[in-house]
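To start, the structure under review is shown below, and the notes come after it.
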Amino acid sequence: AIQAVYPPGSTLKPFVALGALDAGAIEPGTTFRETCDGAFQFGSRSFRCWNPDGHGTLAMRDAVARSCDVYFYQLGIRVGLERLSAFMKRIGASDKSGIDLPQERKNLFPDAAWFDKRYGAGRWSRGLILNLAIGQGEVSITPVKLAQLTAFLANGGTIVRPHVVRSMRGESRAVDPAVTQTDSLRNAHPISARWIALARASMEAVVNDAGGTGGSARVEGYRVAGKTGTAQNPHGDDHALFICYAPAEAPRIAVAVLVENAGHGSTAAAPIGQKVLQAFFYPAKAESLRLVAGR
């Protein structure tokens with residue numbers, strides 16, 4: 001959770017969309033000239049969408065809900081690396097989460113300086129933004145960072161430092177002020193509440209709309225917001241990812257699921273997210289099921 005980094009895949013799309021809105025690159029109803037027919041031609045290379053039949057013409061909300069790669073390829077070109085990497089820096093996408101555990105690994109959303117250092121000044125293609133915009137390429141994030149970013153959207157724009165320890169008490173039962181966590185909420189970022197609300201609405205559509213990819217994370221009695229992801233893995237089968245929070249209207253929990261070499265986030269990771277939420281909201285039922293399974 002804290003030492004392994006993975007490409008986040010499509011779980012990054014709500015944040016890419018938020019960054020584009022924040023930069024003024026798109027409006028909520030913006031569509032692109034190239035409709036999704038299953039692929040997007042950039043120069044001499046064809047970039048495929050996960051859906052070979054295509055999604056047609058979509059605006060932001062439905063593009064997130066259906067996870068249309070072609071929409072985000074074009075969005076990446078429009079917002080550009082400079083503005084997108086600057087936004088990701090603002091929300092701490094490359095920073096450690098700050099969890100109170102040792103040896104946490106740093107995350108990465110690369111900028112132009114990073115590419116210049118790796119490939120040489122100006123010796124890299126503008127087309128790199130296409131992969132970055134769908135959470136592939138050089139982007140690498142730990143599961144705990146994904147959970148932190150999910151909470152950032154859920155709570156309206158504040159980075160919450162995760163903790164394992166809330167406080168420690170000595171023999172006197174007094175709380176040791178050295179480890180009392182006074183920085184649980186920090187790094188508020190001035191991002192339009194309207195844009196955050198739109199990003200959140202798109203994540204609700206992922207789980208609750210008929211065409212959304214995260215329907216298997218629905219929980220009875222609660223409205224869930226989420227995003228599926230399938231990340232290409234050069235060492236084997238794709239990784240399955242899912243992020244979510246609930247209740248969507250007043251979030252109490254944020255979750256990030258990563259299942260290595262498991263395929264699609266919609267079928268492998270989202271059902272695990274559902275089980276986590278069910279255990280959180282219905283603990284007595286979850287415990288009774290555990291006992292029955294144990295027998």
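The chain is numbered in sequence order, starting from 1. Hydrogens, waters and symmetry mates play no part in the numbers below; they use all other heavy atoms, side chains included.
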Next item on the list: Indicate yes or no: at least one non-hydrogen side-chain atom of Val139 is less than 4.5 angstrom from one of Leu108.
Entry: no
Separation between CG (Leu12) and CG (Leu241), nearest 0.5 Å, reads 10.5 Å
Interatomic distance, CG@Leu128 vs CZ@Phe115, rounded to 0.5 Å, equals 4.5 Å
Do Ser67 and Lys13 pair up side chain to side chain, a donor and an acceptor below 3.5 Å, judged on atom types alone? yes
Rounding to 0.5 Å, atoms CG (Leu258) and OG1 (Thr11) come to a distance of 8.5 Å
- Is it the case that one hydrophobic cluster holds both Ile91 and Val64, taking links as side-chain heavy atoms less than 4.5 Å apart, direct or via other members? yes
*Answer yes or no: is there an ion pair linking Glu204 with Arg223, defined by an N-O contact shorter than 4.0 Å?*
yes
Between Phe47 and Phe40 (judged by ring centroids, cut-off 6.0 Å), do the two rings come close enough to count as a pair? no
Transitive ILVMFWY side-chain link Trp114 to Val79, under 4.5 Å: yes
- Is any side-chain heavy atom of Pro247 closer than 4.5 Å to a side-chain heavy atom of Phe281? yes
(Q) Under 3.5 Å, is there a donor on one side chain and an acceptor on the other for Glu34 and Tyr73? (A) no
Worked check of salt bridge (charged side-chain N to carboxylate O under 4.0 Å, His left out) between Arg90 and Asp22:
CA-CA 11 Å; Arg90 280 173 59 199; Asp22 183 73; 2.5 Å; yes
Closest non-hydrogen contact found for Ala248 with Val224 is CB-C, 4.5 Å
Please check if atom CD in Glu82 has more than 12 non-hydrogen atoms from other residues, nucleotides or ligands closer than 6.0 Å. no
Run Thr30 and Arg78 through side-chain contact (heavy atoms from CB on, under 4.5 Å) and show every step you take. CA-CA 11 Å; Thr30 296; Arg78 178 171 293 190; 3.4 Å; yes
For Cys244 and Thr150, the nearest pair of non-hydrogen atoms, with its separation, is O-CG2, 3.4 Å
**Asked** With a cut-off of 6.0 Å (strictly less than), are more than 12 heavy atoms of other residues, nucleotides or ligands near CD of Gln3?
**Response** yes
Would you mind reporting whether Met203 and Leu153 have side-chain heavy atoms less than 4.5 Å apart? yes
Practice task
Begin from the C-alpha positions of Ile99 and Val164 and carry the test side-chain contact (heavy atoms from CB on, under 4.5 Å) through to its verdict.
Solution key: CA-CA 7 Å; Ile99 193 169; Val164 177; 4.1 Å; yes
### Message
Before you tell me yes or no, could you show the steps for Leu277 and Ile253 under side-chain contact (heavy atoms from CB on, under 4.5 Å), namely the whole-Å CA-CA distance, both residues' side-chain angles and the distance that decides it to 0.1 Å?
### Response
CA-CA 8 Å; Leu277 295 177; Ile253 181 173; 3.8 Å; yes
| Is a donor on one side and an acceptor on the other found under 3.5 Å between the side chain of Asp95 and the backbone of Lys106? | no
For the residue pair Leu84 and Val16, establish whether any side-chain heavy-atom pair is separated by less than 4.5 Å.
yes
Between Thr142 and Glu104: side-chain donor-acceptor atoms closer than 3.5 Å: no
For Arg61 and Ala201 the tightest heavy-atom approach is NE-O, 4.3 Å
Note: Ala154 and Arg200 closest approach over all heavy atoms is O-NH1, 2.9 Å
Linking I/L/V/M/F/W/Y whenever any side-chain heavy atoms sit under 4.5 Å apart, do Ile159 and Leu146 land together?
yes
d(Gln41 CD, Ser46 OG) to nearest 0.5 Å is 5.0 Å
Exercise for the section: Determine whether Phe109 and Val5 fall in the same hydrophobic cluster, where Ile, Leu, Val, Met, Phe, Trp and Tyr are linked whenever their side-chain heavy atoms lie under 4.5 Å apart. Expected result: no
For this session: With the side chain counted from C-beta on, respond yes when Pro8 and Gln136 share a heavy-atom pair under 4.5 Å apart, and no when they do not.
Result: no
CG of Asp238 to CG of Asn261, rounded to nearest 0.5 Å, is 9.0 Å
Is Glu249 atom CD crowded by more than 12 heavy atoms from other residues, nucleotides or ligands, each under 6.0 Å away?
yes
Practice item. Could you tell me whether a side-chain N or O of Arg83 sits under 3.5 Å from a main-chain N or O of Ala23, the two making a donor and an acceptor? Key: yes
Is the distance between the ring centroids of Phe32 and Tyr71 under 6.0 Å? yes
Any ion pair linking Asp209 and Arg66 (charged N to carboxylate O, less than 4.0 Å)? no
Check whether any side-chain heavy atom of Thr267 lies under 4.5 Å from a side-chain heavy atom of Ser216, and answer yes or no.
no
Under a plain distance cut-off of 3.5 Å, with no hydrogens placed, do Gln148 and Lys145 share a side-chain donor-acceptor pair? yes
Scanning both residues in full, the closest heavy-atom pair of Ala240 with His264 reads CB-O, 3.5 Å
Side-chain donor/acceptor of Asn155 to backbone N/O of Ala151, under 3.5 Å:
yes
A side-chain contact here means heavy atoms from C-beta on lying under 4.5 Å apart; do Glu138 and Leu132 qualify? yes
Quick check: is Phe15 connected to Ile77 through a chain of hydrophobic side chains (ILVMFWY, heavy atoms under 4.5 Å apart)? yes
Please walk me through it: do Tyr282 and Glu220 pass side chain to side chain donor-acceptor pair (under 3.5 Å)? CA-CA 10 Å; Tyr282 300 108; Glu220 183 180 357; 5.8 Å; no
Scanning both residues in full, the closest heavy-atom pair of Leu21 with Glu27 reads CD2-C, 4.0 Å
Interatomic distance, CZ@Phe42 vs CG@Leu130, rounded to 0.5 Å, equals 5.5 Å
* To do: Begin with the C-alpha distance, continue with both residues' side-chain angles, and end with the deciding distance and a verdict on side-chain contact (heavy atoms from CB on, under 4.5 Å) for Lys96 and Arg105.
  => CA-CA 7 Å; Lys96 297 178 182 179; Arg105 190 167 176 180; over 6 Å; no
Q.
Within the structure provided, determine whether Pro7 and Asn131 are in side-chain contact (heavy-atom separation under 4.5 Å).
A. no
Practice task
Anything under 30° is parallel, anything over 60° is perpendicular, the rest tilted; go ahead and classify Trp50 against His55.
Solution key: tilted
